[in-house]
There are 2 protein chains.
Amino acid sequence: MAYHHGDLHTELLTAAVDVARERGIEGLSLRECARRLGVSHAAPYRHFEDKNALLLALAEQGFTWLTSAGQRAMEGLDDPRARLDAYGVAYVRFAVEHPIHFRLMFTRELETPGPKRADDAAPDKASAAPNDAFGLLVGAASAAFERDGEEALLASVAAWSIPHGLAMLILDGRIPPEHVATTEAVEQLARDVLSLWRNAQPA
Amino acid sequence: MAYHHGDLHTELLTAAVDVARERGIEGLSLRECARRLGVSHAAPYRHFEDKNALLLALAEQGFTWLTSAGQRAMEGLDDPRARLDAYGVAYVRFAVEHPIHFRLMFTRELETPGPKRADDAAPDKASAAPNDAFGLLVGAASAAFERDGEEALLASVAAWSIPHGLAMLILDGRIPPEHVATTEAVEQLARDVLSLWRNAQPA
DNA sequence: GCCCGCGTGTTGTCATTGTCAACATACTTC
DNA sequence: GAAGTATGTTGACAATGACAACACGCGGGC
């Protein structure tokens, strides 16, 4: 399994993130990744079908990490509302700590690989990770809002929109710098925003 | 002023949107735009310094349109809360109706042109449009939340996050299709999400 | 012990693209 | 009518994504 580079597959993933951090996602190129790892320009194609596949793999990784972060944040909390808030804060924090992943998870026109044959046994392994993260949220939101069925979905969308929007705005530099200077500041901002909505208007 | 193509400058903008709609933003190329307009591959460079400048122009156009849409939506409304909600619904609607513009306005690593000389007289004309749209929101949010100064900013961020997050999620196909099938459905969804938060939790 | 096959990596190549320089042309202004 | 400038064109170059053909080295079957 290990050959020239130990594990070129995972090294490509981390190299891609490095390159994207320096040059932006648009400026990411497979050839540059290969160059940094000291392999030839075509080597990546032995591990990823094409550039899009590598980006998709990063997005998948991001969803997995996000799910873990969410679970960790809610660990030990019982109050549904507190759990939902904790998830929200963790969500924003994740976005700030892994901006490249987060952008790839969402911002991208998701180009599903396009199933060559529908009769394949593998049941959509590719899109499992996002569903995990979303499922976690739906559960937390349903409990917090005490809704079921269609209304639970609506509540989930609402509960998702706030941290998602905040995260996006932060990543796009739309929030004044002093509020996003440190991880602590970001968490505080997320908490403030969430609580502002909670107490928004009794009527 | 009008020459070969009437007004190649604006035609390039609309052509770019067309191409982006078909091939995705990543797949947009200046050469393809030129091809469609029947001009040579270098013609666009007489109207935009480079590809990034064209994208920036589209983003600018988007902010202008968004500001208009927001103003139109709030027109005739007096209740601050109603005004803020109207802005939110218009915001989401704008994103759905102009997805390419919206993505370019936000999703993009904003590459400011990088001022060659700071002593130039023009005071940042490029970034005026986003500030208009944001200013409109800050006003509406401050009024609705009855906050001032630093707290008003926080309220604005909160008020911005919801429609922004919802819009992003819709654009990324994360919302079940039946909720985004028509413009009416989208507006209803936006209204529901906003009102859900308003009545979230009295305590 | 030897051979074959396959996973992995390399070299070479092609079309597309962003960008620039040099050149050409039409409209404007005096 | 001439000069100047805005607009377009042609031709080039380097970088990139992607593919094909080839090379190497390790495993299993005889």
Worksheet item: Do A:Arg46 side-chain and C:dG7 base share a donor-acceptor contact under 3.5 Å?
Response: no

Discussion item. Please classify the nucleic acid contact of B:His47 as base, sugar-phosphate, or nothing, using heavy-atom distances under 4.0 Å.
Written reply: sugar-phosphate

Worksheet item: How far does CG of A:Leu30 sit from CZ of A:Arg35, to the nearest 0.5 angstrom?
Response: 10.5 Å

Item to complete: Compute the centroid of each ring, for B:His101 and then for B:Phe63, and state whether the two points are separated by less than 6.0 Å.
Response: no

Worksheet item: To the nearest angstrom, how far is A:Tyr45 atom OH from D:dA21 atom C1'?
Response: 17 Å

Item to complete: Would you please classify the geometry between the A:Trp197 ring and the B:Phe145 ring as parallel, tilted or perpendicular, with 30° and 60° separating the classes?
Response: perpendicular

Item to complete: Name the nucleic acid region contacted by A:Ser29, choosing base, sugar-phosphate or nothing; use a 4.0 angstrom heavy-atom cut-off, strictly under.
Response: sugar-phosphate

Worksheet entry | 5′-ward residue of the pair B:Ala43/A:Leu30 relative to DNA chain D | B:Ala43

Practice prompt. Can you tell me the distance, in whole Å, between the CD1 atom of A:Ile25 and the C1' atom of D:dG17?
Written response: 18 Å

Discussion item. Under 4.0 Å, heavy atoms only, any strand: does B:Leu28 hit a base, just the sugar-phosphate, or nothing?
Written reply: sugar-phosphate

Item to complete: Starting from the C-alpha separation in whole Å, work towards a yes-or-no answer on salt bridge (Lys or Arg N to Asp or Glu O under 4.0 Å) for A:Glu26 and B:Lys51.
Response: CA-CA 12 Å; A:Glu26 328 267 308; B:Lys51 185 180 177 180; over 6 Å; no

Worksheet item: Expressed in angstrom and rounded to an integer, what is the separation of B:Lys51 atom NZ from C:dT16 atom P?
Response: 16 Å

Worksheet item: Between the side-chain atoms of B:His41 and the base atoms of D:dG8, is any donor-acceptor pair under 3.5 Å?
Response: no

Worksheet entry | For atom CZ of B:Arg31 and atom C1' of D:dT16, their distance in whole Å | 13 Å

